Amino acid sequence: MKIWNETMECMPREEMQKLQLQRLKSNLQYVYDHSEIYRRKFDEINFSPGDLNSLHELSKLPLTVKDDFREGYPFGMFTVPQDQVVRIHASSGTTGKLTVVGCTKNDLNNWTELVARMVTMTGIDSTDVAQIAFGYGLFTGAHGLQYGLEKVGATVIPISGGNSEKQLMIMKDFGTTVLVSTPTYALHLAETAIQAGIDPRTDLKVRIGLFGGEAFSEEYRREIEKRWGMLATDNYGLSEVGGPGFAGECALICGQHVAEDQFIVEIIDPETLQPVEPGQPGEVVITTLCREAVPVIRYRTKDISSLTYEPCECGRTTARLSKITGRSDDMMVIRGVNVFPSQIESVLVDIDGLAPHYQIILYKKGFLDDIEIRVEISEVAFTDKYAELEAIEQKLKQQLYKTLSLNPKVKLVEPNSIERTAGKAKRVIDNRNK
Ligand code: DLL
């Protein structure tokens, strides 16, 4: 099986650790010199970058969180002037503000290299035709995968998300062999195909799926593989560390190889914030080693996983992350879009006529995740005039779309009809597995 970059992917551990330490030291100095936020964080604990002598000492440094991006919105986390930034991407923040990241030319080259390694791991090469059904836009998924796939010489079809009938037509007519999408969309597409009389296993040529952007279980993977007759691979990343390319599964499907020459990954206990033993579950914390535009030190992803350092039978020696099993905060991922309850709340409180009592219900529509928002009308606005209620509902829908880039179902309910609790309000009701 081909390995894209043997030097980096199969490096003996001690050498890798040496490389990481050297890159970490220069990166710490770099952020200290170029980022007000990090200078402040380091000064607060009297840490000077020259003080670090071993990789273990990294765990003494302060964590970076999504709110650091929010406080510095839009470009506070950037460490280069705008004329060196060649690309901007973004993902949801915890409230109305986006989490903004960017790339220099070197960042784009490194990113492309990482994704080239990742797609090669699954068995993809220049003979493949890859259909990218991630939405193009500020999301890192579509662009990241496109550049890496092109680097290995695959033919890319940048169709973007949605329009399943067209996806299937193109898949059939252009001979697509690789599907790039969220796992839920893959299953939805298989279902649409079957309804249209197309059997994906025999009538289409798709042999590998590159799935990411959201979590999916092993059962879900088997379901996708059964319906498509393909190898369904998982890859994980997040905008704050550059998007996809951080970690991905090889064709042996035994954990996601982390690109350790460019990132240091730690697993910590989300309560005590202390490192856990290899193999134990905890929160993934990532330090970038090569990113120029937006480097991050100890970024708390809030994603839960575990790490093994055993070399893989594929020949790669890089650490492997298990599938992401959940989150340590309340972020929901709906069709690949990150949604925080706080974003929804910030929309509701700004609309006259609505009370700040709401519930978010997650459910399945076929294989796709969907979201319904039930919100109380305020006592003052409560009326039996249909037109007035309709106007409030329309406004709510528009504002939600603007904030979330999703069209949730909206239901206005009577004052006091949503249960009040003495303790923490149960805002999110997840019916997806029912
Ligand atoms: O989802 C980057 C990406 C795109 C990765 C395409 C892989 C493929 P964000 O929009 O910033 O970036 O969302 C990041 O999505 O913290 C996880 O909670 C979740 N997530 C992404 N990939 C996976 C995965 C991209 N394979 C957030 N398994 C992360 C589980 C995932 N969760």
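Counting starts at 1 for both ligands and their atoms, in listed order. When a residue number appears, it is its place in the shown sequence, counting from 1. Predicted model only: the values in this text are computed from it and were never measured.
Contact analysis puts M331 in contact with ligand 1, with a non-hydrogen atom separation below 4.0 angstrom. Within the 4.0 Å heavy-atom shell around ligand 1 one finds F134.
Those atoms of ligand 1 that come under 4.0 Å of a heavy atom in S91, given as number and element, are 10 (O), 11 (O). Heavy-atom proximity to D234, at under 4.0 Å, picks out these atoms of ligand 1: 24 (C), 26 (N). Residue-ligand proximity, R327 to ligand 1, at heavy-atom distances under 4.0 Å covers atoms 16 (O), 18 (O). Near N338, meaning under 4.0 Å from any of its heavy atoms, are these atoms of ligand 1: 9 (P), 10 (O), 11 (O), 13 (O), 14 (C), 15 (O), 27 (C). For ligand 1 and N235, the ligand atoms under 4.0 Å from any heavy atom of the residue are 7 (C), 8 (C), 22 (N), 24 (C), 26 (N).
If you look at K302 next to ligand 1, there are no close heavy atoms at all, none under 4.0 Å. When heavy-atom distances to ligand 1 are checked against a 4.0 Å cut-off, L238 comes that close through both its backbone and its side chain. Contacts with ligand 1 closer than 4.0 Å are made by heavy atoms of both the backbone and the side chain of A215. In F139, the part holding a heavy atom less than 4.0 Å from any atom of ligand 1 is the side chain.
For the pair K323 and F216, the cation sits on the ring face: its NZ or CZ lies under 6.0 Å from the ring centre, inside 45° of the axis. For the pair R427 and Y358, the cation-pi test (distance below 6.0 Å, angle within 45°) is passed. With F367 as the aromatic partner, R432 does not meet the cation-pi criteria of under 6.0 angstrom to the ring centre and within 45 degrees of the ring axis.
Aromatic rings of Y136 and H143 (six-membered ring for Trp) have centroids within the 6.0 Å cut-off, being under it.
In this structure, the protein non-hydrogen atom closest to atom 18 (O) of ligand 1 is D303 OD1, 2.7 Å. Closest to atom 3 (C) of ligand 1, if we only count protein heavy atoms, is P244 CD, 3.8 Å.
Classification of D329 and K66 as a salt-bridged pair fails, no side-chain N sitting under 4.0 Å from a carboxylate O. A salt bridge does not link R335 with D369: none of the charged nitrogens is closer than 4.0 Å to a carboxylate oxygen. The pair K151-E113 does not count as a salt bridge, with every side-chain nitrogen at least 4.0 angstrom from each carboxylate oxygen.
In this structure, of K66, E214, E249, the residue bringing a heavy atom nearest to atom 31 (C) of ligand 1 is E214. Residue G237 holds the heavy atom nearest to atom 5 (C) of ligand 1 of all those in S305, G326, G237, G242.
Inclusion of G213 in the set of residues having an N or O under 3.5 Å from an N or O of ligand 1 is warranted. Polar contact check, S239 against ligand 1: a nitrogen or oxygen pair lies under 3.5 Å apart.
You'll find the side chain of C312 reaches within 4.5 Å of the side chain of C250, heavy atoms only.
In the model, E150 has a side-chain atom that pairs as donor or acceptor with a side-chain atom of Q146 under 3.5 Å. No hydrogens or angles considered: nothing links the side chains of E266 and S59 as a donor-acceptor pair under 3.5 Å.
Of the possible donor and acceptor atoms, one in the side chain of Y30 sits under 3.5 Å from a partner among the backbone N and O of E292.
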